[in-house]
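The model shown is predicted, which means the values in this text are computed figures rather than measured ones. Convention: sequence-line order gives letters A, B, ...; per-chain numbering from 1.
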Amino acid sequence: MATHITPEGVEKVAHLARIQLSENDRAQAVTELETILTYMDRLAEVDTSGVAPYALPSVTTAELRQDPAKPFVDQGSLMDPRRFKQGLLVTKGVFSETGDDNGS
Amino acid sequence: MDLKSATITELHEGLRNKAFSSVELTKQYLDASKADRLNAYISLNDKALEEAANADRIIASGKPTVLTGIPLAVKDVIMTKGLRTTAASKMLDDYVPPYTATAVERLQHAGMVILGKTNCDEYAMGASSEFSAYGAVHNPLDPTRVAGGSSGGSAVAVAAGYAPVALGTDTGGSVRLPASFCGVIGLKPTYGRISRYGLIAMASSLDQVGIFSRSAADAAVVLEVMSGQDPLDATSQAAEVPRYSELLHERLPDIRIGVPRQFKEGLSGAALEWFEGQLAIYRSTPGYTLVDIDLPRIGYALAVYYIIMPSEVSANMARYDGLRYGYAAGTQAQLSQQYSENRSKGFGPEVRRRILLGTYALSAGYYEAYYAQAAKVRTILRQDLNTAFEQVDAILGPTSPTPAFKIGEKQSDPLNMYLSDIYTVAANLAGIPAVSYPAGLVEGLPMGLQLMGPRWSEARLLQMVQAFMPVEA
């Protein structure tokens, strides 16, 4: 039986998907994906020569809406008091040496 | 009023005749939901009574719709403005949407009252409603068993009397399977019938909002209000919306029902005996002609689905990086490490498994063998079903190979869990409507029969359900 995926292959896929895997997770993923992909092998039995891949039926072009200038009036939904600390809006820290929310 | 059996029609009459108010009705459902031990809900709507009071004012004005004041449960992958929407995931544990899904908005405009958000498999990925960050949903007929998934909470809400009607989502059977397990009706419409705007995307070419109800009439009226093109969803279709509830009253013509040979071959034991019994009933009922049909490639549908769906999942889940919204672990400094940590800790095991599977199927070197091949086989399956519908009006089969299984029985065996969808995935792949309706018991547990029809045939399917449901052994 052909092997579909190796631990290195799972690690590569996990990197592409931005998912961290522990050693146990990786081993489990190899076993599970191998079982699933073995089942999927049956698709190779189907003769698809000359068959076009499925495409969604007649997707209409998304309409462009009018874009008039008008004041934003839904400040309330953005100014939830739970988002404030000491009168300042708290956001997640991105650029921080420590990576914490209040990093400077 | 028996909440476990009341239909929308009965509730509407009660509201119109002032037998009770929407506030009283909503309070009864909320009280029942608060006493829930089946874990059907994640959140209850703290504005439900306010919405009900508003509905009562509309009823008093003499201008209600048939849905005014009727409570509704909504699966927690459908956005509701101001009401927490978690997708049953740690990733969105504290997420409060800034907008409401079009499907729900249309029902709210018709006067429905949102009771709360129902529990489900995380991001709608599962067949049992066990993969929720908020615990498994239990079957009301036997709490040691699953409710089915992924829309288990919505199925339980209707079956257990916590709501008269509920919304779910169906990507590969996630409305029909829990409907079968819980003994209620579950309808998946034609792809494009109901807007997907505000539906947290799982697999965009397969997802549809679906309906749980106790009667075909209830499903019809809710479907009628939700259906129709939406400029906010480019995949919603402009096909005319029939008056489904009026069409139910039309006399059903003689119906040719196809029974694929392959569907019977997939059953065994008590389930096969049950299915043969159901077929015997229909053979002996005037107006229905059962036709043996052959769908030689239907056996590949599950493999097609479990390549196409995780591939689309892997793309749709890429937005969850924990920066703009969603779970953030907050321990890593490097951006790429933040992404990985947030996603690994924010997503549960089934979500991570499907992302990995889909990423693999789309990756260089494997795309042709997996995704491209699956997309072509999908075309073939669609053609096979269209050919079958030239001979028959609908295709009949079991919704599931088994009744509800025990909680924990399949959690550690993903492929075995995926096989639960074996009868349901074809309808999603072909974009056709399908409905599961309760059709007796197997070993004391509900089993559903599934009807599939050509695109836009929801009216005929609901007519059949209305006609068939009283047919019992």
Which residues in residues 360-368 of chain B have any heavy atom lying under 4.5 Å from a heavy atom of chain A?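 Interface residues of residues 360-368 of chain B: B:Tyr360, B:Ser363, B:Tyr366.
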Heavy-atom distance under 4.5 Å to chain A: side chain of [X], backbone, both or neither?
X	result
B:Pro98	neither
B:Lys345	neither
B:Tyr371	neither
B:Ser205	both
B:Ile308	neither

May I ask you to check whether over 12 heavy atoms, not counting those of A:Glu23, lie within 6.0 Å of atom CD?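 For A:Glu23, atom CD is not crowded (no more than 12 foreign heavy atoms under 6.0 Å).
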B:Arg297: which residues meet the side chain to side chain donor-acceptor pair (under 3.5 Å) condition with it, sequence neighbours left out?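 Listed in chain order: B:Asp384.
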How about residues 66-74 of chain A versus chain B: which residues have heavy atoms under 4.5 Å apart?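 If one takes a 4.5 Å heavy-atom cut-off, the residues of residues 66-74 of chain A near chain B are A:Asp74.
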For A:Thr48 and B:Lys376, indicate whether the former's side chain and the latter's backbone hold a donor-acceptor pair under 3.5 Å.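 Between the backbone of B:Lys376 and the side chain of A:Thr48 there is no qualifying donor-acceptor contact (under 3.5 Å).
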For A:Ala17, is it the side chain, the backbone, both, or neither that has a heavy atom closer than 4.5 Å to a heavy atom of chain B?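 Interface part for A:Ala17: both.
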Tell me every residue that passes salt bridge (Lys or Arg N to Asp or Glu O under 4.0 Å) with B:Asp93, counting only those two or more places apart in sequence or in another chain.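 Only B:Arg84 meet the salt bridge (Lys or Arg N to Asp or Glu O under 4.0 Å) criterion with B:Asp93.
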